[in-house]
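For clarity, every value in this text was computed on a predicted model and none was experimentally measured.
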Amino acid sequence: MAEQDPQGRAAMRPLLTDLYHFTMALGYWRAGRAHDPAEFELFFRRCPFGGAFTLAAGLRECVCFLRAFHLCDADVQFLASALPSDTDPAFFEHLRALDCSGVTVPLLQVSGPLLVVQLLETPLLCLVSYASLIATNAARLRLIAGPEKRLLEMGLRRAQGPDGGLTASTYSYLGGFDASSNVLAGQLRGVPVAGTLAHSFVTSFSGTEVPPDPMLAPAVGPGPRVNLVACVEVWLKRVCAHLGLAVQDPHPGERAAFVAYALAFPRAFQGLLDSYSVRRSGLPNFLAVALALGELGYQAVGVRLDSGDLLQQAQELRRLFRTTAAQFQVPWLESVPIAVSNNIDEEELARLAQEGSEVNVIGIGTSVVTCPLQPSLGCVYKLVSVGGKPRMKLTEDPEKQTLPGSKAAFRLLGPDGSLLLDVLQLAEELPPQAGQELRVWPRGAQEPCTVRPARVEPLLRLWFQQGQLCEPLPSLAESRAFAQLSLSRLSPAHRRPEQPALYQVALSEKLQALVHRLSAGTSL
């Protein structure tokens, strides 16, 4: 993935935020607190879609935003017009000098000068929330499809604007999709791209068109060029006789479109079969072209269905491919990949993924890019410390209370690598050790419990400090591989997307005691 990506990040500018961050910034500045050291945490309260897990995503974009954070003259001039006219001009000079050199970011705690880290809230939420939602949604779809099906993201035309489309294509790949139709995602993000032809290509041909050069050379080695159009007509008669159709039944325009596409892509010929009738037109026309190509040593790469009962049609196509392969002694035809698309959601995907479905490739658009089951992850960004003193939000809704203090996080695993629980503790505490018994308070529990992990993994890594990266960011492909490895560690039960809980989050005794004191109004 390219490091320089100005087009992809053009929208992530300091003013892509909520106005109240700048009104608070003015308040901090007037109170002499702009440089107070503060720490915020970015998190979500529950996994999306009623599922068992979330894939965190968006780190690269967050770091790129922090490295480039600076208010230009036009930004400051606009803020001067939006804030009260009697605002002290010295405040705007302070804004001109802002950068993130004093900001530190593990994933994802944000610490630094109070005024600056307050301004980062909305941009970071914007960058993390949607990316994580898309990655998690894609991972759910991958788990439903299983490892053998090839998944293609094709939702750009349904996405919430161009930036949403680019984000969706990028993070659906991280979540487990194999490729995207989005060419810009390939150029800017390194996502593999895929695509063939649409119904408009097929229906644009009438059958009267004459290719300027219908001749095609063999796939391998020397040999005379062959008139593909004439060869296809010969095969059409044989195919129709085998299928019990009249030669006039298959649409001539569709056949002309297939020939044109085959001449352009002889090594990557795919037929879109449902422009007219799959059984009476699309299939025989595809077979005639594919078998003509086969005589020259080429093999068709697949067919696609985009309407009707996709499962039933795929099974019928596979049966006919097998009988045709046997009839004409072309074994490769038996295993021609069958791709399907058409508003596929989780329920339809589960149907297409069942054993014996005969579907090999599944294209999903709306259901991956719009996340219809839950359109927002609900990430929040909460203050937990100012001037080294813990801060806690107490509210009428217990679920919205925050956990105070600068914290560390660890994942505890069993001897077989299974996930036991995650532990949050104060940063000053010694980290848990493998093989040692640990007393913790599971969230929502009335009593502590003990756990003895076989392995302990720290969950926070320092990525950004003093305006610079602390270590190279992983590529998108590396992040994808890590995400898939993490998903492979789920138990069979938790691979089912409807499971509501993967593992518990627990607090150390010291953090639990701090929460109790602050909740009771006891001073520190």
Only counting residues at least two apart or in another chain, list the ones meeting ring-ring contact (aromatic ring centres under 6.0 Å, His included) with [X].
| X | value |
| --- | --- |
| Phe92 | none |
| Phe40 | Tyr381 |
| Phe91 | Trp29 |

Sequence neighbours excluded, which residues qualify as salt bridge (charged side-chain N to carboxylate O under 4.0 Å, His left out) partners of [X]?
| X | value |
| --- | --- |
| Lys393 | none |
| Asp309 | Arg351 |
| Glu355 | none |
| Arg391 | none |

Decide if atom [atom1] of [X] counts as having more than 12 heavy atoms of other residues, nucleotides or ligands within a radius under 6.0 Å.
| X | atom1 | answer |
| --- | --- | --- |
| Glu428 | CD | yes |
| Arg157 | CZ | no |
| Glu148 | CD | no |
| Leu430 | CG | no |

Original post:
Can you list every salt bridge (Lys or Arg N to Asp or Glu O under 4.0 Å) pair that touches residues 370-386, not counting sequence neighbours?
Top reply: none
Original post:
What residue pairs, at least two apart or across chains, pass side-chain hydrogen bond (donor to acceptor under 3.5 Å, both in side chains) with a residue in residues 432-454?
Top reply: Arg439-Glu509
**OP:** Please list all pairs passing the side-chain hydrogen bond (donor to acceptor under 3.5 Å, both in side chains) test where one or both residues lie in residues 33-42, with sequence neighbours left out.
**Re:**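 Every pair satisfying side-chain hydrogen bond (donor to acceptor under 3.5 Å, both in side chains) with a residue in residues 33-42: Arg33-Asp36, Glu39-Ser406, Glu41-Lys407.
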Output the distance between atom [atom1] ([X]) and atom [atom2] ([Y]), rounded to the nearest 0.5 Å.
| X | Y | atom1 | atom2 | result |
| --- | --- | --- | --- | --- |
| Leu55 | Arg140 | CG | CZ | 11.5 Å |
| Tyr171 | Ser479 | OH | OG | 7.5 Å |
| Tyr130 | Cys371 | OH | SG | 6.0 Å |
| Leu419 | Leu412 | CG | CG | 10.0 Å |
| Leu438 | Leu420 | CG | CG | 11.0 Å |
| Leu152 | Ile364 | CG | CD1 | 9.0 Å |

Any donor-acceptor pair under 3.5 Å linking the side-chain atoms of [Y] with those of [X]?
| X | Y | result |
| --- | --- | --- |
| Asn182 | Ser180 | no |
| Ser341 | Asp306 | yes |
| Glu121 | Gln118 | yes |
| Asp397 | Thr395 | no |

Donor-acceptor contact present, side-chain [X] to main-chain [Y], <3.5 Å:
| X | Y | result |
| --- | --- | --- |
| Arg480 | Gly176 | yes |
| Thr167 | Gly164 | no |
| Glu429 | Leu426 | yes |
| Ser132 | Ala57 | yes |
| Gln466 | Cys100 | no |
| Arg142 | Gly146 | yes |

Original post:
Could you walk me through whether Arg461 and Leu59 pass the side chain to side chain contact (heavy atoms under 4.5 Å, CB included) check?
Top reply: CA-CA 11 Å; Arg461 294 170 65 178; Leu59 172 64; over 6 Å; no
Which pair of heavy atoms, one from [X] and one from [Y], lies closest together, and at what distance?
| X | Y | result |
| --- | --- | --- |
| His70 | Asp75 | O-OD2, 4.0 Å |
| Leu141 | Leu349 | O-CD2, 3.3 Å |
| Arg67 | Leu469 | NH1-CD1, 3.5 Å |
| Ser172 | Val368 | CB-CG2, 4.0 Å |
| Ile134 | Val369 | CD1-O, 3.6 Å |

**OP:** Test side chain to side chain contact (heavy atoms under 4.5 Å, CB included) on Val117 and Ser111 and set out the steps.
**Re:** CA-CA 7 Å; Val117 292; Ser111 59; 5.8 Å; no
**OP:** Output, in order, the C-alpha distance, side-chain angles, deciding distance and verdict of side-chain hydrogen bond (donor to acceptor under 3.5 Å, both in side chains) for Ser307 and Asn342.
**Re:** CA-CA 6 Å; Ser307 60; Asn342 187 28; 5.9 Å; no
Original post:
Between Val303 and Phe321, is any pair of side-chain heavy atoms under 4.5 Å apart?
Top reply: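 Yes. Closest side-chain heavy atoms under 4.5 Å.
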Original post:
What residue pairs, at least two apart or across chains, pass ring-ring contact (aromatic ring centres under 6.0 Å, His included) with a residue in residues 337-379?
Top reply: none
Tabulate below the donor-acceptor pairs under 3.5 Å that side-chain atoms of residues 45-52 make, not counting sequence neighbours, or state none.
| unit_1 | atom_1 | unit_2 | atom_2 | d |
| --- | --- | --- | --- | --- |
| Arg45 | NE | Glu399 | O | 3.2 |
| Arg46 | NH2 | Glu399 | OE1 | 3.4 |
| Arg46 | NH2 | Glu399 | OE2 | 2.1 |

